[in-house]
Asks: 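Below is one structure. I have some questions about it.
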Protein chains: 2
Amino acid sequence: MNIGEASGASGVSAKMIRYYEQIGLIAPKGRTESNYRVYGEDEVHVLRFIKRARSLGFSLEETETLLKLWQDKSRTSAAVKDIATGHIADLERRIAEMQGMVKTLKHLAHCCGGDNRPDCPILDDLAGAGPVAGERSAAGSKSGAGANAARHART
Amino acid sequence: MNIGEASGASGVSAKMIRYYEQIGLIAPKGRTESNYRVYGEDEVHVLRFIKRARSLGFSLEETETLLKLWQDKSRTSAAVKDIATGHIADLERRIAEMQGMVKTLKHLAHCCGGDNRPDCPILDDLAGAGPVAGERSAAGSKSGAGANAARHART
DNA sequence: TGTAAGGCTTCCCATCATGGGAAGGTCAAG
DNA sequence: CTTGACCTTCCCATGATGGGAAGCCTTACA
C-alpha cells in the first residue's frame, strides 16, 4: 500500500502520515526500491487509532502514550484511565473558560444597541470603562489566567 | 515610560508589546536618544484594551478591527456587535465540540475498570473495536469535523 | 515506445500568539 | 567606575496542520 492508499484507508492525510513518522509515532512497513513508503493493514490500524484519539482531543503526546499502552499487553487499564480523566479535566477547564467569555460577551452584546449610533457598551468594556450594568465577572475577574487561557484557543 | 513600565501598567509583557508593534497594532509615542521605546498613558490604554479583548478570546485580527472601531468616532455599534456575535458563535461551536469529546470520554472512562488488568474499553474504542455499550456518537459520529476541531484547541 | 498525468519524494515556509535566550548597548545606584 | 538591571535586535521553539516547489517514478493510453 502506498501512502496515498494508506491515507484513504485511514482518513489521515499523507502529509500527516509523514509528519507522524518524523516524530516517531509510526513507521512504514518498509520502502520500495524507488523509495516509496509501503504500508500494511497494521499500520493503517495504527493510523486510525491516532485519528480517533485526535478526534477526542488528545494531543499527539498523549496519543503516543496511549499508543504505547495499546501495544503493551501488560498495561493496566488504570494507566489508560488516568490519561483519559486528566484529559477530561483539561477539556472541562477550557470549556469553563470559554463559557465565561461567552457569558460576558452575551451580556455586553445584549446591552449594545447594534444600530447606527457610535455608543457601544462592548467598546466601553474593552476600554476599561468599568462594568456596564452589573459585574465584570466571568472572564473578567480572572483576566490574567483568562489571557493565558485564551491562548491558542482558536481554530 | 519605558517598555518595562508600560508592561507593568498594562499587564502585557514587553515581548508582546514589541510583537504588537511589529504587526502594526500599536506604536510607541517615540524613542529616546538611545533608542528606547517611550510610552504615554494613551498607549497603555490601548495595551489594556488589547489585553481585555484577548482575555475575551478575540483573535489579534479581531482585536485590531475592534481597536480601529474604538478609535473611529463615526463607527456604528452594529459593526462592533457583529464582531462580538460572530465571536460568540465561534466560541459556542468550539464549546459544543469539546463537550462532545467530554461526553464520549466520560462514557468510556465510566466503562473502564481503572485497575491492574489490561482490558480497557478506552483503548478498544480508539482501536476501532466499535461501540462499548451504546452508540459511538458525540465526537465520534462527526469525527472528520472533530479532527479539525481538535486542531489548535490545546493550551 | 513515447508521452502525459498523476503520485511519490524531500525540503522549506506559513499559520497563531507567545516565550526563551543570546549578544550587545544603556542607565542608575552604590 | 563597576555592577546589575534594564533595553535593543535577532533567531528559534512551540503544536498540528496545510501549501507548494523541484524532481523522480509509475501507470495508462495513443
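For the numbers below, each heavy atom of this structure counts, side chains included, while hydrogens, waters and symmetry mates do not. All chains are named by letter (A, B, ...) in the order of the sequence lines, taking the proteins before the strands, and each is independently numbered beginning at 1.
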Asks: Ignoring backbone atoms, establish whether S34(B) has a side-chain N or O less than 4.0 Å from OP1 or OP2 of dC7(D).
Replies: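 Checking S34(B) against dC7(D): no side-chain N or O falls below 4.0 Å of OP1 or OP2.
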Asks: Between Y20(A) and dA16(D), is there a contact of a side-chain N or O with OP1 or OP2 at under 4.0 Å?
Replies: no
Asks: Hey, does T32(B) reach any base, or is it just sugar-phosphate, or nothing, if we go heavy atoms under 4.0 Å?
Replies: nothing
Asks: Any non-hydrogen side-chain atom of I50(B) less than 4.5 Å from a side-chain atom of V12(B)?
Replies: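 They are not in contact (no side-chain heavy atoms under 4.5 Å apart), so the answer is no.
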Asks: Using the closest heavy atom to pick a nucleotide of DNA chain D for each, name whichever of E33(A) or Y19(A) lands nearer the 5' end.
Replies: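 In this pair, the answer is Y19(A).
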Asks: Taking NZ from K51(B) and C1' from dT18(C), how many angstroms apart are they, rounded to a whole number?
Replies: 14 Å
Asks: If you pin K15(B) and G4(B) to their nearest nucleotides in DNA chain D, which one's is more 5'?
Replies: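 Checking each residue's closest nucleotide, the 5'-ward one belongs to G4(B).
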Asks: Taking atom C1' of dT9(D) as reference, at what distance in whole Å does atom CD1 of I17(B) sit?
Replies: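 Roughly 16 Å, once rounded to whole Å.
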Asks: I'd like to know whether R37(A) forms a salt bridge (charged side-chain N to carboxylate O under 4.0 Å, His left out) with E5(A), so could you lay out the CA-CA distance, the side-chain angles of the two residues, the decisive distance to 0.1 Å, and finally the verdict.
Replies: CA-CA 11 Å; R37(A) 289 169 179 84; E5(A) 295 166 281; over 6 Å; no
Asks: Quick check on dT10(C): is either OP1 or OP2 less than 4.0 Å from any side-chain nitrogen or oxygen of R31(A)?
Replies: yes
Asks: Expressed in angstrom and rounded to an integer, what is the separation of E64(A) atom CD from dG15(D) atom P?
Replies: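 That distance rounds to 12 Å.
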Asks: I want to confirm an ordering. Mapping I3(A) and E61(B) to their closest nucleotides on DNA chain C, which one lands closer to the 5' end?
Replies: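 It is I3(A) whose nearest nucleotide is closer to the 5' end.
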Asks: Please tell me if the side chains of V46(B) and Q71(B) come closer than 4.5 Å, counting only heavy atoms from C-beta onward.
Replies: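 Yes, side chains in contact.
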Asks: Among dT9(C), dT17(D), dA17(C), which nucleotide has an atom closest to any side-chain atom of L60(A)?
Replies: dT17(D)
Asks: On the nucleotide dC16(C), are OP1 or OP2 found under 4.0 Å from the side-chain N or O atoms that S59(B) carries?
Replies: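 For dC16(C), OP1/OP2 do not have a side-chain N/O of S59(B) under 4.0 Å.
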Asks: Whether R54(A) contacts dG15(D) is assessed here as follows: a side-chain N or O lying under 4.0 Å from the phosphate OP1 or OP2. Is that the case?
Replies: no
Asks: Check every atom of dA16(D), dT9(C), dG21(C) against the side chain of R37(A) and return the nucleotide holding the closest atom.
Replies: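 The answer is dT9(C).
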Asks: Between the side chains of T76(A) and N116(B), is a donor N or O closer than 3.5 angstrom to an acceptor N or O?
Replies: no
Asks: Does the base of dG25(C) carry an N or O that pairs as donor and acceptor with the side chain of Y36(B) under 3.5 Å?
Replies: yes
